[in-house]
Amino acid sequence: MGATTAEQGEAAEEGEINPFTNKPFSDKYRKILAGRRKLPVNKHRKEFLDLVQNNQVVILVGETGSGKTTQIPQFMVFDDLPAFKGKKIACTQPRRLAAMSVAQRVAEEMDVVMGQEVGYNIRFEDCTSERTMLQYMTDGMLLREAMNDPLLTRYSAVILDEAHDRTLSTDILMGLMKEIIKKRPDLKVVVMSATLDAGKFQKYFDDAPLMSVPGRTFPVEIYYTPEPESDYLEAAIFTALQIHRTEDAGDILLFLTGEEEIEDACRKIKAEADQMPDAGPIKVYPLYSTLPPQAQKRIYDDAPPPRTPGGRPGRKVVVSTNLAETSLTIDGIVYVIDPGFSKQKVYNPRIRVESLLVSPISKASAQQRSGRAGRTRPGKCFRLYTENAFMKELIETTYPEILRSNLGTVVLQLKKLGIDDLVHFDFMDPPAPETLMRALELLNYLGALDDDGNMTPLGSTMADFPVDPQLAKMLITSPQYGCSNEIMTIVSLLNVPLVFMRPPDQRKMADEAKAQFSHPDGDHLTLLNVYHAYKTSGEDQKWCYDNFCNYRTLKSADNVRTQLKRYMERADLDLVSLPFDERPKGPYYTGIRKALCAGYFMQVAHQERSGNYLTVKDNQVVRLHPSSCLDHASEWVIYNEFVLTNQNYIRTVSEVRAEWLLDIAPSYFDLDSFPNCEGKRVLEKLIMRRKSSSSRERDDDEDERRKNRKSDRGDRDRKDSKRRR
DNA sequence: GAGCACTGC
């Protein structure tokens with residue numbers, strides 16, 4: 001960093017000529033500058049520069065509206081300018097949209113062209129140039145850069161913004177920064193957080209100095225219920241209606257947990273409010289991330305006017321998931337209803353399953369929610385729980401993601417970053433040892449780590465791919481099975497939301513449309529069929545609509561595929577296909593299914609004589625998800641996803657053969673490590689038979705046996721011929 | 001016979 005003062009920085013900003021472009025400042029610039037001077041953080045410029053010039057790490061707490069995200073990076077870039085050595089300043093954001101919009105805003109504030117001196121870098125979009133001095137980016141993007149440049153030599157300073165969010169990437173970056181600063185005394189690190197939890201950050205960074213900037217919001221009155229509510233949904237709807245009938249003008253934001261609940265609540269609120277003779281008109285909008293963007297935008301519509309001039313005010317009600325807690329802000333909200341729940345990811349290392357659970361929120365989250373009522377004027381927040389519950393039952397902050405996730409990718413990334421000793425890596429919150437063990441075990445079976453836990457060349461290549469380790473393994477192995485083109489497609493589709501649409505009122509038609517793409521050997525090949533049909537249609541939006549496929553999803557899958565292809569080429573992997581063969585059991589499809597096994601051999605289920613499926617090794621009883629196109633005649637299946645709801649479902653499933661599993665993953669299918677179950681006995685017999693005859697003959701026999709088994713079923717052939725495309 | 005909170009590379 002430089003040695004400039006706040007006065008010098010301000011003088012440069014108020015001069016005639018823009019020091020970054022050597023052009024005169026515009027009028028618009030001066031107008032914006034006047035507004036910037038009023039931001040709370042502006043009073044702390046001197047204090048900040050003193051701290052950052054004299055310390056390698058600075059922690060900054062800035063509440064909502066303090067201006068930290070836009071101003072702090074500018075303070076630094078002005079300080080950097082006189083002695084600029086060609087190194088950039090990075091400012092990370094957990095979300096892409098934030099990185100883009102903040103960069104746009106700062107480019108305007110600095111009177112430069114976006115992508116020149118100020119830019120952003122997110123997946124699929126690098127909007128920077130050689131001139132770029134200040135770069136906003138996603139935290140995941142900086143992490144990926146670190147994997148190829150472990151000392152982050154391109155940067156003079158790294159600002160980790162929204163650190164209180166504690167995303168996986170931010171947590172790893174923080175640990176990494178602690179390592180890097182030892183080797184890069186010239187690198188400055190600023191950790192910015194919006195919560196009072198900053199003491200924890202300060203301690204983690206060896207008592208780095210802490211600077212605190214107040215926010216600029218309006219007061220929000222908090223109301224608690226006197227007694228606990230037995231049904232939060234009912235209470236929420238009641239409260240919304242009560243506000244509508246009795247409170248002054250101002251919009252309502254209600255937090256619920258998921259799509260179905262939200263749609264249901266919207267209908268009920270609308271229906272009841274329309275029947276209230278003494279209340280104004282009402283507009284109710286749902287908000288969740290899978291809602292099409294067009295529908296999402298409606299939350300910004302104005303509230304309806306009163307029915308008669310001077311009558312009861314019209315009102316807008318937004319019923320939202322956590323999306324409105326941090327990612328999106330809606331101006332004009334005056335009333336917030338907080339039932340105190342959200343869906344949260346939890347990871348169970350014992351059965352290796354991530355699932356979503358409706359759980360009580362944290363105090364920090366409750367505060368964030370109530371703050372949403374005070375963005376434009378004083379507001380009110382109705383918490384549908386008791387004050388006592390808030391004080392005594394809610395945890396302080398939501399558990400960071402690293403404590404709630406499967407860490408396969410994280411461990412691989414850390415290894416790639418050169419962190420050999422994971423057990424002693426300085427996590428801000430160390431994950432459970434069992435979770436780390438599970439990750440190491442997975443990576444070892446996949447061949448990414450050797451038996452000593454060191455990264456193999458395969459693991460190093462796997463880490464380069466922006467997908468789960470299993471999928472990376474599939475991609476890298478796929479040329480050996482002659483089907484990398486097809487595996488790229490399947491992996492892309494597994495990395496986007498569900499392609500198949502199923503509107504509640506057109507289920508039958510949607511299912512029929514989907515049946516056209518069904519492949520008898522499973523859902524992975526069905527995905528491949530859809531993609532081919534989409535490409536054949538000329539990537540036609542109408543075709544998607546007519547066939548109940550999500551156009552946006554297919555488009556983004558194609559985007560992902562293009563990126564994967566670049567990574568394949570970079571890794572010098574062949575892009576190949578087997579000659580197409582219409583037979584479902586022909587080599588074209590068999591090759592693809594074998595490649596699937598190479599990544600997913602740890603997610604296998606075996607059908608017992610009872611008809612139940614049991615997951616291999618963990619012996620969990622599971623059922624095929626009803627959306628699966630596979631019927632129940634498949635003895636061995638691999639699955640992409642274990643869905644834990646009222647039932648245990650496996651979703652996105654394909655039929656495989658025991659022989660392939662034994663060949664592809666002999667160490668995982670070492671029967672000594674198997675608990676007793678039918679599947680184990682089947683494999684034992686298979687191994688015995690293989691010992692007594694050559695495996696090639698045996699495989700042919702097996703093929704024959706299966707063919708007979710299937711054609712026993714009268715309807716099966718008919719179905720096959722209908723499904724085959 | 002159907003539970004995708006939210007992000008990110």
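It should be emphasised that the depicted structure is a prediction, and the values quoted were computed from it without experimental measurement. Throughout, a chain's letter reflects where its sequence line sits, starting with A, and its residues are numbered from 1.
A:Lys297 meets the side-chain hydrogen bond (donor to acceptor under 3.5 Å, both in side chains) test with no other residue; sequence neighbours excluded. Applying the side-chain hydrogen bond (donor to acceptor under 3.5 Å, both in side chains) criterion to A:Asp511, with sequence neighbours excluded, gives A:Arg502. A:Glu125 is linked by a side-chain hydrogen bond (donor to acceptor under 3.5 Å, both in side chains) to A:Tyr120, counting only residues two or more places apart in sequence or in another chain. Looking at residues two or more places apart in sequence or on another chain, you find a side-chain hydrogen bond (donor to acceptor under 3.5 Å, both in side chains) between A:Tyr232 and A:Glu261.
Salt-bridge formation is detected for the pair A:Arg95/A:Asp165: a Lys NZ or Arg NE/NH1/NH2 atom is positioned less than 4.0 Å from an Asp or Glu carboxylate oxygen.
At a threshold of 4.0 angstrom between heavy atoms, the contacts of A:Glu259 are confined to the sugar-phosphate backbone, with no base atom among them. As judged by a 4.0 angstrom heavy-atom cut-off over every strand, A:Ser342 is placed among residues making no nucleic acid contact. The residue A:Val358 sits apart from the nucleic acid: no heavy atom pair falls under 4.0 Å. At a threshold of 4.0 angstrom between heavy atoms, the contacts of A:Ile122 are confined to the sugar-phosphate backbone, with no base atom among them. Within 4.0 Å (heavy atoms only), A:Ser169 reaches no atom of the nucleic acid at all. Here A:Asp468 lies out of heavy-atom contact (under 4.0 Å) with every strand. Nucleic acid contact for A:Arg651: sugar-phosphate only, since backbone atoms but no base atoms lie under 4.0 Å from a heavy atom of the residue. Among the heavy atoms of the strands lying under 4.0 Å from A:Arg502 is at least one base atom, whether or not backbone atoms are also near. A:Pro94 comes within 4.0 angstrom of sugar-phosphate atoms only, judged by non-hydrogen atoms across all strands, and of no base. Using a 4.0 Å heavy-atom distance criterion, A:Tyr649 is classed as a sugar-phosphate-only contact. As judged by a 4.0 angstrom heavy-atom cut-off over every strand, A:Leu323 is placed among residues touching the sugar-phosphate backbone only. Contacts of A:Thr167 with the nucleic acid, taken as non-hydrogen atoms under 4.0 Å apart, are absent. Within the nucleic acid shown, A:Arg144 comes within 4.0 Å of at least one base atom, counting heavy atoms only. As judged by a 4.0 angstrom heavy-atom cut-off over every strand, A:Tyr288 is placed among residues touching the sugar-phosphate backbone only.
The nearest heavy atom of DNA chain B to A:Arg95 and to A:Glu260 marks one nucleotide each, and the one closer to the 5' end goes with A:Glu260. Toward the 5' end of DNA chain B, the nearer of the two residues A:Leu287 and A:Val467, judged by each one's closest nucleotide, is A:Leu287.
If you walk DNA chain B from 5' to 3' and mark each nucleotide with an atom closer than 4.0 Å to a heavy atom of chain A, the marks span B:dG1 to B:dC9.
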When the side chains of residues 402-410 of chain A are checked against the rest of the protein, which donor-acceptor pairs come out under 3.5 Å, sequence neighbours left out?
| residue | atom | partner | partner atom | Å |
| --- | --- | --- | --- | --- |
| A:Arg404 | NE | A:Tyr399 | O | 2.9 |
| A:Arg404 | NH1 | A:Lys345 | O | 3.2 |
| A:Arg404 | NH2 | A:Tyr399 | O | 3.4 |
| A:Ser405 | OG | A:Lys345 | NZ | 3.1 |
| A:Ser405 | OG | A:Glu401 | O | 2.7 |
| A:Asn406 | OD1 | A:Gly408 | N | 2.9 |

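Results of the side-chain contact (heavy atoms from CB on, under 4.5 Å) test with A:Arg166 over A:Asp429, A:Thr397, A:Thr398 single out A:Asp429 as the only residue that passes.
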